[in-house]
Amino acid sequence: MARPFDVKTIERRWQARWRDEGTYEVDNDDPRERYYALCMYPYPSGSAHQGHVRIYTFGDVVVRYQTMLGKAVLSPFGFDSFGLPAENAAIKAGSHPRLFTEERIVELKSSLIRLGAVYDWRREVRSHDPAYMRWSQAIFIAFYKAGLAYRAEAPVNWCPGCGTVLANEQVLADGTCERSGDLVERRNLEQWFFKITDYAEELLSGLTTLEWPERIKTMQRNWIGRSEGVEFDLAFASDPTKALRVFTTRPDTGFGVTYAVIAPEHPLLEELTADEHHATVRALVQRASKESEIVRTASSEGGAALEKRGAFTGSYVVNPFSDEPVPVYVADYVLGTYGTGAIMAVPGEDERDYAFAEVYGLPVVRTTRPPEDFEGGAYSGDGEHINSGFMDGHEIADAKVLATAFLVSKANGHATVNYRLRDWLVSRQRFWGCPIPMVYCSQCGVVPVPDDQLPVLAPDDVVMDRTGQSPLATHEAFRTTTCPVCGAPAQRETDTMDTFNDSSWYFLRYADPWTPGVAFDPKEVAKWMPVDQYVGGIEHAILHLMYARFYMKALVDIDWAPNIAREPFSRLFSQGMIRLSGTKMSKSKGNLVAPEEYYDTVGADGLRLFHLFAGPPADDFDWTDQTDEIIDGCGRFLDRFYRLAQGHEVNYHEDLDETDVAVRQAVHRAIVRVTDEFEHWSHNIAVAAMMELLNTVSKWARSEHGAQPTVLDEAIDTMLTLLAPMAPHLTAEMWEHRHPEEKSVHQQPWPVADPALLKRDTVTMVIQINGKVRARLQVPPEISMADATTEALEDAVISAALAGVTPKRIVSRPPRLVNIIT
RNA sequence: GGGGGCGUAGCCCAAUUGGCAGAGGCAAGGCGCUUAAACCGCCUCAAGUGAGGGUUCGAGUCCCUUCGCCCCUACCA
């Protein structure tokens with residue numbers, strides 16, 4: 001591609017200048033209005049791919065645009081540098097994950113610099129930096145001391161491929177590991193948890209205050225899964241002093257309870273199991289205990305399989321509504337970790353209960369009258385209650401109130417709320433993560449590592465095999481220590497933290513990585529938080545964004561973070577994915593298109609423009625055979641603009657005339673359009689508006705009549721400022737040529753449109769007869785309804801078409817149209 | 001099974017939020033420039049909005065039905 005300028009030289013030159021002059025470094029005492037622009041920090045996987053280019057281009061446009069608006073923009077960067085891929089790669093290569101990771105960081109950083117993305121690199125954060133780990137660990141200890149971290153034995157998802165436990169969030173719907181694809185097993189292990197469930201209600205209610213995509217808020221709401229209901233006792237038929245406690249969201253269906261179900265891991269199961277049923281119950285419990293929750297709750301199995309999934313215990317409990325005894329079953333479709341781990345089963349109104357009842361021949365009692373035409377088993381819709389004693393005739397809402405009161409008085413009941421959200425399992429049995437800073441002493445129990453001994457760092461000579469235990473546990477010198485309290489021999493915790501911990505507070509560290517003795521100074525953090533604009537991928541809709549919200553709230557509550565923002569990210573934008581023939585473009589799929597090849601042809605500016613132009617930023621983009629041609633087109637646009645600015649084939653005239661005014665109007669309308677589209681994340685239209693403007697200006701300037709020089713200068717300078725956030729190198733270069741004595745285009749104020757030039761003298765008004773366009777009139781934009789009607793009727797074409805017919809009705813919508821109905 | 005999104009020229013996408021279906025780009029074709037080609041410049045081409053129905057003076061936009069594709073989620077009592 002022959003270009004009118006040397007793209008490589010220009011881009012490298014400006015990148016060096018931004019770095020050397022610290023153009024986008026910003027201090028915490030900057031007097032300007034503050035703006036915190038943040039892109040999710042990447043896992044360093046090597047050179048940037050198009051997905052990186054896309055997100056960091058959007059982010060960079062925000063930074064440069066907000067800067068031109070006169071704000072002090074905090075634009076930090078860092079690397080989420082702990083994680084499995086580095087560890088696996090190191091195992092394979094026989095090297096150390098640190099070496100591997102740091103090489104990848106150098107690669108990624110250099111390709112982002114070549115993209116022209118600008119950051120305050122003084123604030124760079126790397127998860128694996130001991131200076132950062134020290135505080136990740138201090139936060140862990142602070143959470144522990146605040147009662148937010150606890151250790152418990154729990155059934156966990158164990159991935160045999162990764163040799164570690166996984167969070168529920170890392171297990172796919174089919175029960176396989178999201179990373180290795182192996183079938184996840186269930187194991188009971190002692191693990192560390194964070195009490196994110198303490199914040200369930202706030203994590204839910206806080207969503208309403210956030211300017212986030214509705215889709216992501218919905219996903220978080222579903223993940224939290226709030227249900228209102230009643231907890232109450234089902235007394236043992238054999239012994240009324242004992243009871244099975246259950247939770248239901250449908251207490252109103254109580255008269256339809258024909259059996260109860262208890263989870264395989266429920267503590268009362270043993271007691272409820274009659275001797276002759278022990279064998280079948282034990283078999284079921286054993287089978288369930290091996291499967292992950294995800295597999296257990298996978299719904300695809302039919303009736304035949306259900307038979308293996310439940311068993312009668314031989315015991316009965318009493319339905320408090322009917323006072324009838326009902327059988328107690330154990331079944332794996334009831335989870336020990338939700339609600340009370342036991343349910344009242346209502347096959348008439350619950351599909352799962354119905355399916356189970358069918359298999360086991362249990363009775364079905366309807367308590368809600370289904371519609372006449374209802375066919376099928378369970379009916380969960382609203383309707384008049386039947387077979388329900390004191391609730392008969394009431395609909396669900398009323399009946400729930402009555403049933404709740406009944407259970408409160410009769411069955412030790414109380415209204416309660418349950419959440420699907422579970423506490424966050426943070427232990428990982430891997431090497432390349434932040435060690436959990438705890439010591440186990442046989443005398444003193446669990447003891448946090450003292451502050452002056454942080455960070456706890458892993459030694460370098462650890463064998464990272466896959467024996468299924470933590471690599472650190474195999475390192476004797478690391479594992480054995482002395483108790484910080486009593487000095488007796490003790491053992492270190494050898495698990496590391498889930499890497500989502502690192503990404504849950506990095507944005508706070510960015511705001512103040514400098515104050516000694518603290519993770520960050522709340523006073524400094526208060527100057528920037530909350531983040532004004534967060535940009536990142538949809539894949540983090542639940543995990544990272546939920547955990548970071550939890551950390552923020554918890555850090556405020558332990559007085560580490562300022563009590564000004566309990567929500568870390570005010571606005572969130574989630575860009576679409578790049579796909580290649582329908583699948584996500586990713587390194588693991590090996591279908592990357594490297595940006596480097598474009599840096600030498602259309603340049604970073606051309607590639608950036610393409611990503612902005614390619615389609616709505618929120619939508620996925622399909623990379624196809626045609627994509628290179630679109631990218632070339634973006635490069636051509638820059639070339640045309642450059643030539644115009646050089647005066648190539650431009651003609652001139654002296655005196656201002658109406659063609660010049662028309663161009664000025666186009667320029668000022670473009671200011672409004674580009675500004676609006678930036679605000680609404682419609683960069684594709686902003687670029688289109690710039691292309692349109694260039695077409696207009698270019699045609700005018702290259703016509704025989706030519707351009708008025710002052711107007712042409714205004715047009716080109718305005719276009720340079722509007723384009724500056726999108727194509728920062730070339731615009732900076734061109735601006736410097738035109739205004740060598742002035743500050744860089746990136747330090748120019750964002751242009752403001754002159755209202756007088758936005759005003760149109762006339763607009764086209766459409767005259768329709770019965771909805772068909774018959775005439776177009778030029779009218780003043782402020783024309784009244786009456787005048788619009790009059791002008792329409794007086795139009796020659798219209799009056800001829802009407803031919804004396806009196807209109808039935810005239811719809812006048814000035815200045816857009818008049819519709820005459822005959 | 002539940003939730004969400006998207007179907008507009010050959011392709012990617014706009015459409016003042018209910019008011020003339022076309023802003024921009026790609027591709028294709030033509031002309032000019034050129035010894036020729038590339039580049040460059042100018043011009044042209046094309047859909048009635050997946051299908052059907054409804055509301056309305058008026059529907060790409062709102063409602064219902066239906067088809068196709070994509071994403072998320074999945075026994076949470």
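Convention: sequence-line order gives letters A, B, ...; per-chain numbering from 1.
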Write down the distance separating the [atom1] atoms in [N] and [M], rounded off to the nearest Å.
N	M	atom1	result
B:G30	B:A14	P	31 Å
B:C6	B:U16	P	15 Å
B:C57	B:U73	P	45 Å
B:G29	B:U65	P	46 Å
B:C45	B:G2	C1'	47 Å
B:A9	B:G5	C1'	24 Å
B:C69	B:A51	C1'	15 Å
B:U56	B:U66	C1'	23 Å

message: Does anything in residues 687-696 of chain A form a salt bridge (Lys or Arg N to Asp or Glu O under 4.0 Å)? List the pairs, not counting sequence neighbours.
response: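 Applying salt bridge (Lys or Arg N to Asp or Glu O under 4.0 Å) to every pair that reaches into residues 687-696 of chain A, excluding sequence neighbours, yields A:R673-A:E692.
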
- request: Provide the full list of salt bridge (Lys or Arg N to Asp or Glu O under 4.0 Å) pairs with a residue in residues 774-786 of chain A, sequence neighbours left out, each pair given once.
  value: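 Sorted pair list comes back empty.
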
Report the residues that fulfil ring pair (Phe, Tyr, Trp, His ring centres under 6.0 Å) with [X], sequence neighbours left out, ordered by chain and then residue number.
X	answer
A:H540	A:H544
A:H414	none
A:F613	none

Tabulate atom names and distances for all N/O pairs under 3.5 angstrom spanning the protein and nucleotides 41-43 of chain B.
| from | atom 1 | to | atom 2 | distance (Å) |
| --- | --- | --- | --- | --- |
| B:G41 | OP1 | A:R640 | NE | 3.2 |
| B:C43 | OP1 | A:K699 | NZ | 3.1 |

task: Treat primed atoms plus P, OP1 and OP2 as sugar-phosphate and everything else as base, then score nucleotides 10-15 of chain B 5' to 3': B for base contact with protein heavy atoms under 4.0 Å, S for sugar-phosphate contact only, - for none.
output: BBSSSS

Just the rounded figure in Å: distance from [atom2] of [N] to [atom1] of [X].
X	N	atom1	atom2	value
A:R422	B:A77	CZ	C1'	12 Å
A:L609	B:C26	CG	C1'	14 Å
A:M577	B:C71	CE	C1'	8 Å
A:K217	B:C72	NZ	C1'	17 Å
A:F5	B:C39	CZ	P	16 Å
A:M690	B:G25	CE	C1'	15 Å
A:R226	B:A77	CZ	P	12 Å
A:D353	B:C76	CG	C1'	12 Å

- prompt: Where the side chain of A:W223 is concerned, which of B:G4, B:A74, B:A23 is the nearest nucleotide?
  reply: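 Within the option list, the nearest is B:A74.
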
query: To the side chain of A:R579, which of B:C70, B:C20, B:G24 is closest?
result: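 Of the options given, the side chain of A:R579 lies nearest B:C70.
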
message: Looking at A:R760, I want to see if its CZ is surrounded by more than 12 non-hydrogen atoms of other residues, nucleotides or ligands under 6.0 Å.
response: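 No, not enclosed.
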
message: If you assign each of A:D350 and A:H648 to its closest nucleotide in RNA chain B, which residue comes earlier from the 5' end?
response: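 By nearest-heavy-atom nucleotide position, the 5'-most residue is A:H648.
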
- prompt: Does A:E351 or A:E692 map to a spot on RNA chain B nearer the 5' end, using the closest nucleotide for each?
  reply: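 The residue closer to the strand's 5' end, by nearest nucleotide, is A:E351.
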
If you look only at distance, which donor and acceptor atoms sit under 3.5 Å apart when one is on a side chain in residues 813-822 of chain A and the other is two or more places apart or in another chain?
| from | atom 1 | to | atom 2 | distance (Å) |
| --- | --- | --- | --- | --- |
| A:N819 | OD1 | A:G771 | N | 3.0 |
| A:T822 | OG1 | A:N770 | ND2 | 3.1 |

message: Between the base of B:C57 and the side chain of A:R809, is one N or O donor paired with an acceptor at under 3.5 angstrom?
response: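 Per atom types, no contact qualifies.
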
Residues in salt bridge (charged side-chain N to carboxylate O under 4.0 Å, His left out) contact with A:E231, at least two apart in sequence or another chain: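 Testing A:E231 for salt bridge (charged side-chain N to carboxylate O under 4.0 Å, His left out), a comparison that skips the adjacent residues, returns A:R245.
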
Pairing residues for A:E201 by the salt bridge (charged side-chain N to carboxylate O under 4.0 Å, His left out) criterion, not counting sequence neighbours: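 Once residues adjacent in sequence are excluded, the partners of A:E201 under the salt bridge (charged side-chain N to carboxylate O under 4.0 Å, His left out) criterion are A:R226.
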
query: Under 4.0 Å between a side-chain N or O of A:R420 and OP1 or OP2 of B:A77?
result: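 No.
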
field: Under-4.0 Å salt bridge between A:D252 and A:K400
entry: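 Answer for the salt bridge query: no.
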
- request: Name every residue in residues 812-822 of chain A that has at least one heavy atom under 4.0 Å from any atom of RNA chain B, in order of residue number, or write none if there are no such residues.
  value: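 Within residues 812-822 of chain A, the residues near RNA chain B are A:R813, A:R816, A:L817, A:N819, A:I821.
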
- request: State the syn/anti category of B:U8 according to its glycosidic angle, syn meaning within 90° of 0.
  value: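 Anti for B:U8; the angle lies over 90° from 0.
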
message: Is B:G48 syn or anti, taking syn as a glycosidic angle within 90° of 0?
response: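 Syn, which is what one calls it when the glycosidic angle falls within 90° of 0.
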
message: Please check: side-chain N/O of A:S812 versus main-chain N/O of A:M785, any donor-acceptor pairing under 3.5 Å?
response: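 Side chain of A:S812 to backbone of A:M785: a pair is present.
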
Partner lookup for [N], please. Criteria are Watson-Crick or G-U wobble with both distances under 3.5 angstrom; report none if nothing qualifies.
N	answer
B:A28	B:U44
B:G1	B:U73
B:C6	B:G68

Per-pair distances, 0.1 Å, donor-acceptor, side chain in residues 679-687 of chain A, under 3.5 Å, sequence neighbours excluded:
| from | atom 1 | to | atom 2 | distance (Å) |
| --- | --- | --- | --- | --- |
| A:E679 | OE2 | A:Y65 | OH | 2.8 |
| A:H680 | ND1 | A:D676 | O | 3.1 |

Side chain proximity check, A:L638 to A:R3, heavy atoms < 4.5 angstrom: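 Yes. Closest side-chain heavy atoms under 4.5 Å.
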
- request: Flag the pair A:F232 / A:F247 as yes when their ring centroid distance falls below 6.0 Å, and as no otherwise.
  value: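 No - the distance between ring centres of A:F232 and A:F247 does not fall below the 6.0 Å cut-off.
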
